[in-house]
Amino acid sequence: AQSVAQPEDQVNVAEGNPLTVKCTYSVSGNPYLFWYVQYPNRGLQFLLKYITGDNLVKGSYGFEAEFNKSQTSFHLKKPSALVSDSALYFCAVDFSGNTPLVFGKGTRLSVIA
Amino acid sequence: EAQVTQNPRYLITVTGKKLTVTCSQNMNHEYMSWYRQDPGLGLRQIYYSMNVEVTDKGDVPEGYKVSRKEKRNFPLILESPSPNQTSLYFCASRTGQGYTGELFFGEGSRLTVL
């Protein structure tokens, strides 16, 4: 069955350290991949997407993500975390272009000063 | 300013009392969708609409109705709310051309059913 997984409910990182939020998917074919962020009491905001082309995608607020087809992963990364990056992060996958977006369960990122 | 507007933002109601959560977007988007967010479950899609007069069920449609009479509006109707519909609801929209466009979300509507 087609699915998307965020294996970590919570990620803690010290300010200034690199951060990684993991996402893996299970699907055949070429999915479209997205990352969204949700700050407290707000709706989700788009961060970045992978459709085709370069496996390293750069997005908003200094975030980037790497598409790895062999590992079916799309991990979100940032070289140097900020306290203001603390939020809930969602990976989302469009499996076929004809079905609605499927979201992971979210990963809460806490950046500690 | 491009935005998706939901109302009400907060609502406490009682079991069985019909309610409507409105959603409006000003970006001329074809696609609109409703999600509910629950702790530990992430976002689950309730209904979506590819265009005016076209709606379809998502993953958790039971107990909900929608309509899409105009392009900009996509109300969510709870005919007879129950406590298990207590949740945080989000409306979202995007362009319908292809499937590469990002979703724009409203600020959310927190519903409590007593």
Side-chain angles (χ1 to χ4, degrees), chain A residues 1-10 21-25 27 29-53 57 59-61 63 65 67 87-108, chain B residues 1-7 9-10 21 23-25 27 29-51 54-61 66 74 88-110:
Chain A
Q2 298 170 337
S3 63
V4 55
Q6 294 180 241
E8 300 157 318
D9 292 334
Q10 174 96 29
V21 182
K22 296 179 180 177
C23 173
T24 60
Y25 63 91
V27 67
N30 299 312
Y32 304 142
L33 298 157
F34 300 79
W35 276 101
Y36 288 82
V37 60
Q38 184 182 25
Y39 297 104
N41 300 314
R42 303 294 303 275
L44 279 72
Q45 298 176 33
F46 169 77
L47 271 181
L48 51 79
K49 66 182 177 184
Y50 173 82
I51 304 301
T52 187
V57 178
S60 307
Y61 311 122
F63 283 93
F67 171 62
L88 188 56
Y89 290 81
F90 290 95
C91 179
V93 184
D94 183 335
F95 289 107
S96 68
N98 290 317
T99 56
L101 214 54
V102 175
F103 284 84
K105 294 184 178 181
T107 299
R108 188 165 300 282
Chain B
E1 180 188 356
Q3 58 186 0
V4 177
T5 303
Q6 298 178 224
N7 280 297
R9 294 288 312 279
Y10 301 91
V21 185
C23 174
S24 179
Q25 51 93 4
M27 294 167 280
H29 284 165
E30 292 85 1
Y31 179 93
M32 297 185 74
S33 180
W34 277 103
Y35 294 87
R36 60 178 289 174
Q37 183 179 14
D38 301 290
L41 297 177
L43 263 71
R44 294 180 293 168
Q45 190 174 49
I46 303 171
Y47 270 94
Y48 64 98
S49 169
M50 298 297 288
N51 214 325
V54 180
T55 63
D56 211 342
K57 296 178 180 179
D59 298 320
V60 288
V66 292
F74 190 45
L88 179 58
Y89 292 87
F90 288 101
C91 180
S93 73
R94 64 164 168 77
T95 177
Q97 295 181 0
Y99 297 88
T100 62
E102 60 265 31
L103 284 167
F104 291 80
F105 283 81
E107 295 286 275
S109 296
R110 185 168 294 281

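Each chain gets a letter, A, B and so on, in the order its sequence line appears, and its residues count up from 1.
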Side chain, backbone, both or neither of [X] within contact of chain A (heavy atoms, under 4.5 Å):
X        : answer
B:Gln37  : side chain
B:Arg44  : neither
B:Tyr35  : side chain
B:Glu107 : both

Exercise. Mind telling me whether A:Tyr89 and A:Phe63 have parallel, tilted or perpendicular rings, with 30° and 60° as the class edges?
Key: tilted
Quiz item: Where does the angle between the aromatic ring planes of A:Tyr36 and B:Phe105 fall among parallel (under 30°), tilted (30 to 60°) and perpendicular (over 60°)?
Solution: perpendicular
Exercise. Take atom CZ of B:Arg9 as the centre, draw a 6.0 Å sphere, and report whether it contains more than 12 heavy atoms from other residues, nucleotides or ligands.
Key: yes
Quiz item: With distance as the sole test, does B:Trp34 use its side chain to make a donor-acceptor pair with the main-chain N or O of B:Gly58 at under 3.5 Å?
Solution: no
Exercise. Check each atom of A:Gln6 against the heavy atoms of chain B and say whether the ones under 4.5 Å are side chain, backbone, both or neither.
Key: neither
Practice problem: Look at B:Gly40, B:Ser33, B:Gly108 and state which one has the largest set of heavy-atom pairs under 4.5 Å with chain A. | Solution: B:Gly40
Quiz item: Are any non-hydrogen side-chain atoms of B:Phe74 and B:His29 less than 4.5 angstrom apart?
Solution: no
